[in-house]
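Below: the structure, in C-alpha cells.
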Amino acid sequence: MEKTWRWFGKKDKITLSMLRQIGVEGIVTALHDIPNGEIWPLEAIIDLKEYIESFGLRWSVVESLPVCESIKYGGPDRDELIEKYKISLANLGKAGVHTICYNFMPVLDWARTDLENPNPDGTSSLYFNHAEFAYFDCKILKREGAEADYTPETLSVMEKMADHFTREDEHRLVQNIIVKTQGFVNGNIKENDEHPVEIFRGLLNLYKGITRDLLRQNLKYFLESIMPICNEWDMKMCVHPDDPPLQILGLPRIVTCDADIEWFLNAVPNPHNGLTFCAGSLSSGAHNDVPALARKYADRTWFVHLRSTNVLPNGDFKEASHLGGRAHIIELCRIFERVNKDLPMRVDHAPLMLGDEKMGYNAGYSFHGRMLALGQIEGVLAVVDDEISNDPS
Ligand code: DNO
C-alpha cells in the first residue's frame with residue numbers, strides 16, 4: 001500500500017519536509033479554509049497540489065470533500081449543493097486528484113468522550129465511554145426520550161456520575177464530543193462558537209423524521225447524481241464508515257456493518273462508488289469481523305485507514321496499538337497488499353506520547369504517536385511483501 005499521512009494544510013505544525021523524512025509517500029488533505037458547500041476552485045487545488053509535489057510527495061487522497069447536512073437530510077437546496085459538489089469534483093479530476101473520502105454521518109462526524117485517556121506506560125489514547133455519552137445526551141443536551149436509547153446498566157452508571165459531576169466535567173464532555181473532535185474536520189461546530197449545545201440541538205432538529213431508510217435513499221440520490229462526473233473524471237468516491245458504527249443521539253447511521261456496506265455498494269453498482277476501509281471505526285462495533293469485511297470488500301476499497309480498538313464488555317472502546325486490538329491490522333495488510341500494492345493507506349489516530357500532548361495537535365493526530373504507528377506498519381508491510389514474493393499465488 002502507499003504510505004500516506006493526513007496533513008491539515010500549510011498551517012499544520014507537522015510540515016511536509018518532516019513527513020518526507022519519516023517515509024511518507026502521499027498526502028491526504030483538503031482545502032480546509034473553504035466553507036462546507038462552497039466550490040473548490042481549480043487554481044486553489046493546483047496550487048496546493050504543486051506545493052505538495054515540491055516536497056517530492058503526491059496529493060493522494062482528498063479527506064474530506066464534505067457533504068452538507070442538507071444533502072444528507074434532503075433539504076430544499078440539496079440539488080444546488082450537489083451541483084456545486086460536482087464542480088469541485090470535476091476540478092479535482094482536472095488537477096489529477098482522483099480519490100475522495102467523505103462521510104454520510106448526520107451532524108456528528110465522529111464521536112469520543114475522552115481525548116486523553118491515560119495508558120499505564122504514560123501515553124494516552126482516545127476513548128468512548130457509553131455512560132459519559134449518555135450523560136451528555138440525557139443531562140446536557142436533554143434530548144427528549146434519550147433514556148430509552150441506553151441500557152439500564154449504562155443509565156445507572158450515568159446516574160452515579162451525576163452525583164459528582166461538576167460544571168468543569170460537563171464542559172469537558174461538550175468540548176470532547178461536539179467541539180474538539182469536529183472543528184478541524186470542517187464539522188458543524190467551530191472552536192470559537194459560543195453556544196455549541198444550542199447549535200447542536202438545532203442541527204439535531206433538522207433530522208426529525210429522517211429514518212435510516214430515508215437517509216439511505218438520500219445517499220443513493222447523491223451518489224446517482226454525481227456518478228456521471230465520477231465516470232467522466234475517474235473520481236473514486238470512498239464513503240467513511242460511521243464512527244462509532246452505532247446509532248447515536250437518535251440519528252440514523254447507515255454505514256455501520258456488513259449489511260450496510262453491501263447495501264450502498266449494490267444500490268449504486270458503479271466502481272466509482274467505493275469504500276474508505278476505516279479499520280478502526282469498523283473494529284469499534286463488536287458486531288464487525290474486520291478481516292472478513294476486508295476480504296469481502298477489498299475490490300471496492302479505494303482508501304484504507306489503519307488503526308485498531310479494544311471493545312470492553314460494556315461496549316466502551318479504547319483505541320489500541322496498531323499491532324493489537326480487534327482490527328487485526330497484520331491480516332488486513334496481507335489482504336490489501338495482495339489486491340493492490342498502490343492502494344493509499346494512512347495510519348489513523350495514534351496515542352499522544354513524548355510531548356505530543358503539549359503541541360495542540362488535532363485530536364487523534366499526534367506526531368510521535370503516528371510516526372511510531374507508521375514505522376510499525378512499514379515493518380508489517382515489509383514482512384507481507386516478503387511473504388508475497390515467496391508465494392505469489
Ligand atoms: C476522524 C476522521 C473523520 C473522517 C471523516 C471523513 O478522525 O476519521 O473525521 O476524516 O469522517 O469524511
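Counting starts at 1 for both ligands and their atoms, in listed order. These numbers were taken from a predicted model, which means no experiment stands behind them.
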Distance-only side-chain donor-acceptor flag, Glu63 / His305, under 3.5 Å: yes
Qualifying residues under side-chain contact (heavy atoms from CB on, under 4.5 Å), relative to Val268, sequence neighbours excluded: Lys220, Leu223, Glu224, Met227, Asn270, Asn273
Among Thr309, Asn119, Asn117, the one residue meeting side-chain hydrogen bond (donor to acceptor under 3.5 Å, both in side chains) with Ser125: Asn119
Trp302 six-ring centre to Lys236 NZ/CZ under 6.0 Å and within 45° of normal: yes
Near ligand 1, at a heavy-atom separation below 4.0 Å: residues by chain and residue number: Arg6, Glu63, Ser64, Cys101, Tyr102, Asn103, Met105, Asp109, Trp110, Val185, His240, His349, Tyr365
Sequence neighbours excluded, every pair satisfying salt bridge (Lys or Arg N to Asp or Glu O under 4.0 Å) that has a member inside residues 98-112: Arg112-Asp243, Arg112-Glu319
Residues that Glu38 engages under salt bridge (charged side-chain N to carboxylate O under 4.0 Å, His left out), provided they are two or more places apart: none
